[in-house]
A.B. asks: 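Could you have a look at this structure, given as structure tokens, before my questions?
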Amino acid sequence: MRRDYNGGLIAFSRFFSFFATKTCSPELSINSQFRLLCITCDSLTTTHTFSQLLRQCIDERSISGIKNIQAQMLKSGFPVELSGSKLVDASLKCGEIGYARQLFDGMPERHIVTWNSIIAYYIKHRRSKEAVEMYRLMISNNVLPDEYTLSSVFKAFSDLSLEKEAQRSHGLAVILGLEVSNVFVGSALVDMYVKFGKTREAKLVLDRVEEKDVVLITALIVGYSQKGEDTEAVKAFQSMLVEKVQPNEYTYASVLISCGNLKDIGNGKLIHGLMVKSGFESALASQTSLLTMYLRCSLVDDSLLVFKCIKYPNQVTWTSLISGLVQNGREETALIEFRKMMRDSVKPNSFTLSSALRGCSNLAMFEEGRQVHGIVSKYGFDRDKYAGSGLIELYGKCGCSDMARLVFDTLSEVDVISLNTMIYSYAQNGFGREALELFERMINLGLQPNDVTVLSVLLACNNSGLVEEGCELFDSFRKDKIMLTNDHYACMVDMLGRAGRLEEAEMLITEVTNPDLVLWRTLLSACKVHRKVEMAERITRKILEIAPGDEGTLILLSNLYASTGKWKRVIEMKSKMKEMKLKKNPAMSWVEIDKETHTFMAGDLFSHPNSEQILENLEELIKKAKDLGYVEDKSCVFQDMEETAKERSLHQHSEKLAIAFAVWRNVGGSIRILKNLRVCVDCHSWIKIVSRIIKREIICRDSKRFHHFRDGSCSCGDYW
DNA sequence: ATAGGGTTAG
């Protein structure tokens with residue numbers, strides 16, 4: 001008899017399923033089924049039918065359907081501990097955690113699966129706190145966790161940095177034998193230790209797991225890769241192959257990053273081959289890592305080839321390409337790709353934006369940078385610290401510390417790096433007081449300054465002539481045992497040297513264990529500024545011991561001889577340098593007008609298409625400047641020649657040509673000039689006067705810092 | 001009935 005009922009029920013169930021799929025309204029269909037069920041076979045329900053109906057509810061995401069079934073189960077005397085589990089499971093699958101919890105809390109007895117389901121739900125939705133609370137509740141209810149519980153709960157521990165509790169649960173896993181016997185538990189443990197940064201622990205766990213699989217080993221490789229233990233990552237990958245475990249797209253994705261970090265193009269290409277052979281060539285994650293690998297190895301063309309094969313690059317893929325191109329000095333290409341990404345309607349994130357901005361600031365592309373700023377705002381990243389730092393750097397490098405500060409003040413979170421970026425912006429633009437104020441703020445906020453902070457602060461003092469403040473700070477940094485590098489010392493040597501305190505500067509160098517070329521050269525250029533020929537010769541000999549025939553050194557000394565009128569020596573040195581086939585970098589200036597960059601080289605009067613107009617304007621500007629007191633400073637000419645020729649050579653400096661051009665084009669706003677060398681004294685005093693004549697700000701970035709010329713004076717206070 | 005790993009930044 002009973003068998004017959006069952007057969008009937010199964011038939012009903014089939015009918016219900018069919019009915020459900022044919023009905024448009026999910027709510028109606030499941031409720032109608034209920035009415036049918038209640039009328040026809042009130043007391044004939046079985047597990048099978050309920051399961052089937054619940055599945056329907058899940059498909060239709062119908063929580064009211066679940067509630068109906070609950071009522072029905074209750075009516076039919078269905079065993080509570082079984083009905084509860086099923087209902088909780090179904091509610092979770094409908095995303096109704098609230099109702100699932102309500103059911104769960106009302107259950108007198110809970111099956112382990114119910115606990116596990118709830119915990120897994122919380123983990124899946126990154127609600128780690130609730131997952132751990134549930135786990136604790138489970139323990140205090142004397143329910144012993146099983147492999148399912150443990151393999152989920154470890155993720156919550158790492159997410160919340162609960163190392164102590166994690167260790168206790170690990171112990172439990174060991175006692176239960178699950179660490180060894182269950183690869184899910186093993187993987188979760190490996191992943192957890194990796195996230196705690198404990199790759200050694202992770203490896204120990206892995207070694208104990210009996211049957212190792214891809215996921216387990218990949219979790220470890222990821223750990224090594226993310227912690228920068230790249231050699232270990234590659235080794236783990238190799239041993240995986242030896243043990244005949246097939247890598248998959250995640251494995252390739254992580255091991256390739258390590259190859260890139262190691263610049264191990266040999267293994268990189270080998271793994272690329274394996275990837276193709278095993279059919280993961282078109283998996284996006286591995287493709288992205290492949291792209292990154294080639295970019296880190298500076299094989300830009302290969303990376304572009306890989307990128308071309310990617311059908312649907314996502315946000316990460318694009319970002320990887322853009323940031324890699326910027327890192328390889330291919331800023332223009334990076335920005336073209338960034339535009340393409342926007343055209344393809346792939347949303348940028350803070351990684352993308354900071355890379356694009358870095359591209360702009362490397363080339364001081366003010367207009368392009370402002371457009372990217374527009375995109376930053378459009379996508380709501382104005383308060384983001386990564387995009388923000390990019391903007392601060394951009395405006396700093398374009399000579400707009402005011403704009404940089406505006407960005408800085410809107411950031412939602414101030415940290416060491418954004419403060420460093422802002423301090424550095426002030427420093428390179430010569431706003432020492434503002435920089436020091438921010439440094440003080442960093443200290444008051446209890447943030448620990450790092451080596452970049454120290455450099456920025458010292459540079460700020462250096463660029464604004466705050467020598468006393470600089471020395472004081474340097475002493476305090478020494479006392480605080482902050483790691484001071486050669487760069488920090490070089491900054492101090494420059495500061496003291498330019499202030500004429502050459503002996504102190506030299507003393508400082510003797511303090512350094514491994515003084516490098518830059519350090520000595522800095523001292524040498526201070527000798528040049530103060531025309532200390534003997535000291536310069538002594539220093540030069542020292543430098544040539546470390547770096548025989550160093551070009552920069554010889555040029556510095558030769559220029560010193562020139563500025564002190566020792567022309568015989570100059571000629572000697574020039575011929576020596578000619579013998580050594582050394583030649584000077586040509587002096588260049590750039591000016592951006594209407595998104596177009598114009599290049600000018602010193603002494604080159606004819607290659608620009610508008611050279612006629614440029615010379616006309618230049619002559620007029622020089623004449624007007626002379627009326628206001630400009631006199632050529634011939635000590636800036638490093639070659640022996642007729643006085644008029646010296647004047648002519650000064651008039652042909654690249655920044656003068658660039659400014660004359662900008663004046664002719666008569667664009668609104670400030671004139672921005674970029675230079676590859678430092679601005680000379682003659683040009684500096686000329687530009688000051690010109691800024692008064694044309695009543696416009698002229699911003700000049702030389703190889704070391706910014707000069708803001710306004711109404712006859714410069715922000716550097718003639719100290720640079 | 002319930003479970004594990006990935007790629008981009010200052």
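A, B, ... follow the sequence lines: proteins, then strands. Residue 1 opens every chain. Just so you know, these numbers come straight off a predicted model, no measurement behind them.
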A.B. asks: Any donor-acceptor pair under 3.5 Å between the side chain of A/Ser354 and the base of B/dA9?
C.D. replies: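 Check fails, no donor-acceptor contact within cut-off.
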A.B. asks: Between the side chains of A/Asp59 and A/Arg55, is the shortest nitrogen-to-carboxylate-oxygen separation below 4.0 Å, so that they form an ion pair?
C.D. replies: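 Between A/Asp59 and A/Arg55 there is no salt bridge, as every charged N stays at least 4.0 Å from the carboxylate O atoms.
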A.B. asks: Separation of A/Met275 atom CE from B/dT7 atom P, in whole Å?
C.D. replies: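 Taking atom P of B/dT7 as the reference, CE of A/Met275 is at 15 Å.
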A.B. asks: Which part of the nucleic acid does A/Asn314 contact within heavy-atom distance under 4.0 Å: base, sugar-phosphate only, or nothing?
C.D. replies: nothing
A.B. asks: Going by ring pair (Phe, Tyr, Trp, His ring centres under 6.0 Å), A/Phe307 matches just one of A/Tyr312, A/Tyr294, A/Trp318. Which one?
C.D. replies: A/Trp318
A.B. asks: Can you find a donor-acceptor pair, distance only, under 3.5 Å between A/Asp415 side chain and B/dG10 base?
C.D. replies: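 Yes, a donor-acceptor pair under 3.5 Å.
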A.B. asks: Which part of the nucleic acid, if any, lies within contact of A/Lys86, taking any heavy atom under 4.0 Å across all strands shown: a base, the sugar-phosphate backbone alone, or nothing?
C.D. replies: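 Contact class for A/Lys86: none.
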A.B. asks: Could you tell me whether A/Arg55 contacts a base, only the sugar-phosphate backbone, or nothing, with contacts defined as non-hydrogen atoms closer than 4.0 Å?
C.D. replies: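 Contact class for A/Arg55: none.
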A.B. asks: Hey, does A/Ile257 reach any base, or is it just sugar-phosphate, or nothing, if we go heavy atoms under 4.0 Å?
C.D. replies: sugar-phosphate
A.B. asks: Between A/Arg330 and A/Glu337, is there a side-chain N and carboxylate O pair less than 4.0 Å apart?
C.D. replies: no
A.B. asks: Any side-chain N or O of A/Gln327 less than 4.0 Å from the OP1 or OP2 oxygen of B/dT8?
C.D. replies: no
A.B. asks: For A/Ala188, answer base if it contacts any base atom (sugar-phosphate contacts may also be present), sugar-phosphate if it contacts only those atoms, and nothing otherwise; contact means non-hydrogen atoms under 4.0 Å.
C.D. replies: nothing
A.B. asks: Could you check whether the rings of A/Tyr395 and A/Phe366 sit parallel, tilted or perpendicular, using 30° and 60° as the cut-offs?
C.D. replies: perpendicular
A.B. asks: Would you mind telling me which of B/dT7, B/dA9, B/dG4 lies closest to the side-chain atoms of A/Ser323?
C.D. replies: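 Between B/dT7, B/dA9, B/dG4, the one nearest the side chain of A/Ser323 would be B/dA9.
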A.B. asks: Within the structure shown, what part of the strands sits under 4.0 Å from A/Lys93 by heavy-atom distance: base, sugar-phosphate, or nothing?
C.D. replies: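 Here A/Lys93 touches the backbone only, sparing every base.
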A.B. asks: Just call it for A/Ile217: base, sugar-phosphate, or nothing, with non-hydrogen atoms closer than 4.0 Å on any strand.
C.D. replies: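 Nothing, no nucleic acid heavy atom in range.
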A.B. asks: Base, sugar-phosphate, or nothing for A/Val185, non-hydrogen atoms under 4.0 angstrom?
C.D. replies: nothing
A.B. asks: Separation of A/Asn349 atom CG from B/dT8 atom P, in whole Å?
C.D. replies: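 That distance rounds to 12 Å.
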A.B. asks: With a 4.0 Å cut-off on heavy atoms, is A/Ser350 in touch with a base, just the backbone sugar-phosphate, or nothing at all?
C.D. replies: base
A.B. asks: Whole angstrom is fine here: how far is it from CG in A/Leu256 over to C1' in B/dT8?
C.D. replies: 15 Å
A.B. asks: For A/Asn248, answer base if it contacts any base atom (sugar-phosphate contacts may also be present), sugar-phosphate if it contacts only those atoms, and nothing otherwise; contact means non-hydrogen atoms under 4.0 Å.
C.D. replies: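 Answer is base: heavy atoms of A/Asn248 come under 4.0 Å of a base.
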A.B. asks: Check this for me: does any side-chain nitrogen of one of A/Arg136 and A/Glu133 sit under 4.0 Å from a carboxylate oxygen of the other?
C.D. replies: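 A/Glu133 and A/Arg136: not salt-bridged.
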A.B. asks: Decide if the gap between the ring center of A/Phe104 and the ring center of A/Trp115 is smaller than 6.0 angstrom.
C.D. replies: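 Ring-ring flag for A/Phe104/A/Trp115: true, centres closer than 6.0 Å.
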A.B. asks: Does A/Val194 reach a base, just sugar-phosphate, or nothing at all? Heavy atoms under 4.0 Å.
C.D. replies: nothing
A.B. asks: Quick check on B/dT8: is either OP1 or OP2 less than 4.0 Å from any side-chain nitrogen or oxygen of A/Arg358?
C.D. replies: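 It does not, given that no N or O in the side chain of A/Arg358 lies less than 4.0 Å from OP1 or OP2 of B/dT8.
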A.B. asks: Have a look at A/Thr421 and say if it touches a base, only the backbone sugar-phosphate, or nothing, with a 4.0 Å heavy-atom cut-off.
C.D. replies: nothing
A.B. asks: Which part of the nucleic acid, if any, lies within contact of A/Gln315, taking any heavy atom under 4.0 Å across all strands shown: a base, the sugar-phosphate backbone alone, or nothing?
C.D. replies: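 It contacts nothing in the nucleic acid.
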A.B. asks: How would you label the contact of A/Val113 with the nucleic acid (heavy atoms, under 4.0 Å): base, sugar-phosphate, or nothing?
C.D. replies: base
A.B. asks: Salt-bridged, A/Asp344 to A/Lys340, with N to O below 4.0 Å?
C.D. replies: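 Between A/Lys340 and A/Asp344 there is no salt bridge, as every charged N stays at least 4.0 Å from the carboxylate O atoms.
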A.B. asks: Which residues within residues 167-179 of chain A lie with some heavy atom under 4.0 Å of an atom in DNA chain B?
C.D. replies: none
